[in-house]
Amino acid sequence: MTATTAHPETDRRDTVAVFGGLLLAMFISALDQTITATALPTIAGDLGQLTELSWVVTVYVLAAAATTPVWGKLSDQFGRRGLLRAAIGTFLVGSALSGLAANIGELIAFRAVQGIGAGGVMTLAMATVGDIVSPRERGRYQGYIQSVFVLASVAGPLLGGVFVDHVSWRWVFYVNVPIGLAALVLLRRQPVVAARGATRIDFVGAGLLAAAVTSTMLVTVWGGDRYAWNSPQLLGLIALAGVLLAAFVRQERRAADPMLPLHLLRDRSFAVVGVGAFLATLSLFAAIVFLPLFFQLVTGATATTSGLLIIPMLLTSTLSTVASGRIMARTGRYKIFPVIGFAIMCLGLALLSTVDGSRAHAIAYLAVFGLGFGLVTQVLIVAIQNAVDRRELGTATASVNLFRAVGGSLGVAVYGAVFAAGLRHWLPRHLGGQAPAGVDAHGIQTSPEHIQALPVAVQHGIAASVADALHTVFLVAAPIAAVGFLVVLFLPERPLRGPGK
């Protein structure tokens, strides 16, 4: 692909239009992670395969994670302009077909197509921000990016509920189409950026990496849920992931143009940012997965209300992202923000481990956590995009997103196991052996609505058990954030490049 400039500095109107298109692309990708949750029960009732319903979510996550590094590498070789359009187009085709699905098998297949597109949309959108805005200026744009994730997190469950109740669950997928088409219109002004060109595409490396990532993600998805951690199936899957990873490393050492250049792994900035992003997302999932559970089962909030009670965390994270971005743009310094951010995240999680039944305290401590989180992830993206050669911008951005995806998946598995163990310990003690159907020493297998119809004494016992189990979850998550604090202390601080550099 030819290019007009090595690093184009578009005029303000073009930058605003392209950036708006990138925000819309990021929005539909982020929205799809939340909007389906409220529609899944209705989808199961309509398509009639409750036992396979988890694959509607799992296949999307696996497809996105497995293809993310491939999209990033190909964009470095061939340029991001065409590939971003291809990723959005794939996502929209998968969305439209998912809405048309006649049975659960079709829906799962079309969700895989959607996930393949999603793997490229978020990564290529973030990398394109690095193409059109210099690292020194990028801090001023971080707040808009963070706002997209806030809006998607809030709007997703609400839109899903509205579509299910008043239109059809199929609009959970159809809604992506007009937004994605608007993004494509705005992206017509996206500049052509110099690409390296491919000497020879590393298809073997791409296949091995996709297989290794898929196996690793399946370990985290199935571990402790479908299979016990010491089961032959899971141990075999872990062994397979290890073999595939070893084969991938061997292939990358031999490839003329490797899918993931191993020299990036030896770069301290890349290593610190990758591990930091992994630990930040791992810490985040303790809050965003289990706080809604706390609000529903301990404080009696509805599902919709529990989602709204997460907003203070999202707002404080946006506030700190905007503030850090403006300071970075003015000073050119960035290392201090993830250091402070991880420390505040650790404090927030430690405070959450002390909450019993107070909704106000939980919201306040969650806001503290969000304040810290907003200082970490977007800053780390800027740090790695500033550190690597522009010819490897897509690969580096995709790799960081992959670390985040694995961190989130592992977080759900680890904290889920900790929470389940806590329930097994506390339920017999708080219920005194008088557990009703759906509630026993192995956990809670019934809905919040059913629990609220139980005798008051049983409700209080369940609430106390959930609160005590969650204390342990947050006590496990707090040291993880502390490790993140220690890791980012080793982040090299390199002067942020300005326009044209």
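Because the structure is predicted, anything quoted here is derived from the model rather than measured. Each residue takes its place number in the sequence, starting with 1.
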Step-by-step side-chain hydrogen bond (donor to acceptor under 3.5 Å, both in side chains) determination, Thr321 to Gln378: CA-CA 7 Å; Thr321 299; Gln378 292 298 326; over 6 Å; no
Gap between atom CD1 of Ile35 and atom CH2 of Trp169 - 0.5 Å precision: 12.5 Å
Test item: Ile327 and Phe337 side chains (from C-beta on) under 4.5 Å apart, heavy atoms: yes
Close side-chain approach of Phe403 and Val275, heavy atoms under 4.5 Å: no
Under 3.5 Å donor-acceptor, Ser29 side chain and Met26 backbone: no
Check against side chain to side chain contact (heavy atoms under 4.5 Å, CB included), Leu315 and Leu319: CA-CA 6 Å; Leu315 293 178; Leu319 177 64; over 6 Å; no
Heavy-atom check, side chain of Leu375 versus side chain of Pro338, under 4.5 Å: no
Donor-acceptor pair, side chain of Arg404 and main chain of Val400, under 3.5 angstrom: no
Trp71 side chain vs Ile116 backbone, donor-acceptor pair below 3.5 Å: yes
Thr68 side chain vs Gly119 backbone, donor-acceptor pair below 3.5 Å: yes
Exam field: side chain Arg268 to backbone Phe490, donor-acceptor pair closer than 3.5 Å: yes
Minimum-distance pair of heavy atoms, taken over all atoms of Leu107 and Val56: CD2-CG2, 3.9 Å
Main-chain N/O of Ser95 paired to Arg111 side chain as donor or acceptor, under 3.5 Å: no
Pair His361-Asp356, side-chain donor/acceptor within less than 3.5 Å: no
Expected output: side-chain Thr123 to main-chain Gly120 donor-acceptor under 3.5 Å: no
Worked verdict on His430 versus Asp468 for side-chain hydrogen bond (donor to acceptor under 3.5 Å, both in side chains): CA-CA 10 Å; His430 287 300; Asp468 287 336; 2.7 Å; yes
Val466 side chain near Phe294 side chain, heavy-atom distance below 4.5 Å: no
Closest contact, heavy atoms only, Ile384 versus Ala396: CG1-CB, 4.1 Å
Min side-chain heavy-atom separation Ile344-Phe369 under 4.5 Å: no
Polar side-chain atom of Lys335 near backbone of Pro492 as donor-acceptor pair, under 3.5 Å: no
Close side-chain approach of Met313 to Phe373, heavy-atom, < 4.5 Å: no
Spatial distance of atom CE (Met328) from atom CG (Asn386) [nearest 0.5 Å]: 10.0 Å
Side-chain donor or acceptor of Thr316 paired with backbone N/O of Ala367 under 3.5 Å: yes
Spatial distance of atom OG1 (Thr220) from atom CD1 (Ile238) [nearest 0.5 Å]: 10.5 Å
Pairwise distance CG(Leu23) to CD1(Ile28) - rounded to 0.5 angstrom: 12.0 Å
Rounded distance [0.5 Å steps], CD1 in Ile340 versus CG in Leu371: 10.0 Å
Side chain to side chain contact (heavy atoms under 4.5 Å, CB included) between Asn176 and Phe91, worked out: CA-CA 9 Å; Asn176 294 321; Phe91 182 83; 3.7 Å; yes
Main-chain N/O of Tyr227 paired to Ser231 side chain as donor or acceptor, under 3.5 Å: no
Residue pair Ile480 / Ser283: nearest heavy atoms and the distance that separates them: CG2-OG, 3.6 Å
Between Tyr415 and Phe285, ring centroids under 6.0 Å: no
Gly99 versus Tyr174, closest heavy-atom pair with distance: O-OH, 3.1 Å
Approximate separation, where rounding is to 0.5 Å, of Ile179 CD1 and Phe27 CZ: 5.0 Å
Taking every non-hydrogen atom, the tightest pair across Leu402 and Pro69: CD2-CG, 3.7 Å
Met345 side chain near Leu279 side chain, heavy-atom distance below 4.5 Å: no
Phe474/Leu351 under side chain to side chain contact (heavy atoms under 4.5 Å, CB included): CA gap, chis, key distance, verdict: CA-CA 9 Å; Phe474 295 125; Leu351 290 171; over 6 Å; no
Derivation of the side chain to side chain contact (heavy atoms under 4.5 Å, CB included) call for Val93 and Phe110: CA-CA 8 Å; Val93 168; Phe110 298 148; over 6 Å; no
Atom OH of Tyr144 with >12 non-hydrogen neighbours under 6.0 angstrom: no
Minimum heavy-atom distance Ala301-Leu309, with the two atoms named: CB-CD1, 4.4 Å
Beyond-backbone contact of Phe419 with Leu293, side-chain heavy atoms, under 4.5 angstrom: yes
Trp171, CH2: over 12 other non-hydrogen atoms inside 6.0 angstrom: no
